[in-house]
Amino acid sequence: STQSTGKADVWSLGILGLELAEGDPPYVRVPPVKAMLAILRHPAPKLQHRNHWSVTFAEFLGACLQKEPAHRSTSTALLVHPFLSMACGRHKLEKVLQQKSSSPRSSRKV
């Protein structure tokens, strides 16, 4: 399909969550080509120190980091995920995302 489904963006969100939680993205110490191969060959990355984080956060990351795009959550589904609801309500998050997408520097719709 030539039209983006946003599944790659959802994967990137999960990787960003891992990086924010642990300080580094997965495979940070591996050369880029080897890192790409490792991502393809190994299971999806997970929190290394799972007991430091809430079950809700781990489930959110798990929803983002499904290797098979068809099994990966959509951005719409993630908007109502309990992890995001803990931070703020859906309407507040949608408002922030809408403001960001309408800023002059942003050319993509959220």
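Everything numeric here is computed off the predicted structure, so don't read it as measured data. Below, all heavy atoms of this structure are taken into account, side chains as well, without hydrogens, waters or symmetry copies. Positions are given from 1 along the sequence.
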Q: List the atom of Lys7, the atom of Thr74, and the distance in Å for their closest heavy-atom pair.
A: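 For Lys7 and Thr74, the tightest heavy-atom pair comes out as NZ-CG2, 3.9 Å.
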Q: Treat each ILVMFWY residue as a node, draw an edge where side-chain heavy atoms are under 4.5 Å apart, and state whether Met36 and Leu18 are in one component.
A: no
Q: Under 4.5 Å between any side-chain heavy atoms of Ile15 and Pro45, yes or no?
A: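 Side-chain contact under 4.5 Å: yes.
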Q: Please find the pair of heavy atoms, one from His49 and one from Trp53, that lie closest to each other, and give the distance.
A: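 Minimum heavy-atom contact is O-CD1, 3.3 Å.
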Q: Should Leu16 and Met86 be counted in the same cluster of Ile, Leu, Val, Met, Phe, Trp and Tyr side chains packed under 4.5 Å apart?
A: no
Q: Does Lys67 have more than 12 heavy atoms from other residues, nucleotides or ligands lying within 6.0 Å of its NZ?
A: yes
Q: Between Gln66 and Ser73 (side chain of the first, backbone of the second, donor and acceptor by atom type, cut-off under 3.5 Å), is there such a pair?
A: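 Not a single qualifying donor-acceptor pair exists.
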Q: With a 4.5 Å cut-off on side-chain heavy atoms, are Gln48 and Asp24 touching?
A: no
Q: Count the heavy atoms belonging to other residues, nucleotides or ligands that lie under 6.0 Å from CZ of Arg41, then report whether that count exceeds 12.
A: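 No, because the 6.0 Å sphere around CZ of Arg41 holds 12 heavy atoms or fewer from other groups.
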Q: So which heavy atom on Gly17 is nearest to which on Phe57, and how close?
A: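 Answer, listing the atom of Gly17 first, then Phe57: O-CZ, 3.8 Å.
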Q: Are Leu65 and Arg72 packed together at the side-chain level, in the sense that at least one heavy-atom pair is separated by less than 4.5 angstrom?
A: no
Q: Run the side-chain contact (heavy atoms from CB on, under 4.5 Å) test on Leu13 and Phe60 for me, step by step, so that the C-alpha distance in whole Å, both residues' side-chain angles and the decisive distance to 0.1 Å come before the verdict.
A: CA-CA 10 Å; Leu13 176 63; Phe60 179 82; 3.7 Å; yes
Q: NE2 of His81 to OG of Ser75: how many Å apart, nearest 0.5 Å?
A: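 Reported value, rounded in 0.5 Å steps: 14.0 Å.
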Q: For Ala63 and Leu78, which heavy atoms make the closest approach, and how far apart are they?
A: CB-CD2, 4.1 Å
Q: Find the distance between NZ (Lys34) and CD1 (Ile39) and round it off to the nearest 0.5 Å.
A: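 Going from the NZ atom of Lys34 to the CD1 atom of Ile39 covers 14.5 Å.
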Q: Got more than 12 heavy atoms from elsewhere within 6.0 Å of NE2, His52?
A: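 Atom NE2 in His52 is packed in, count exceeds 12.
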Q: With the side chain counted from C-beta on, respond yes when Leu47 and Glu22 share a heavy-atom pair under 4.5 Å apart, and no when they do not.
A: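 Yes, side chains in contact.
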Q: Would you indicate whether the side-chain heavy atoms of Tyr27 and His42 approach each other to under 4.5 Å?
A: yes
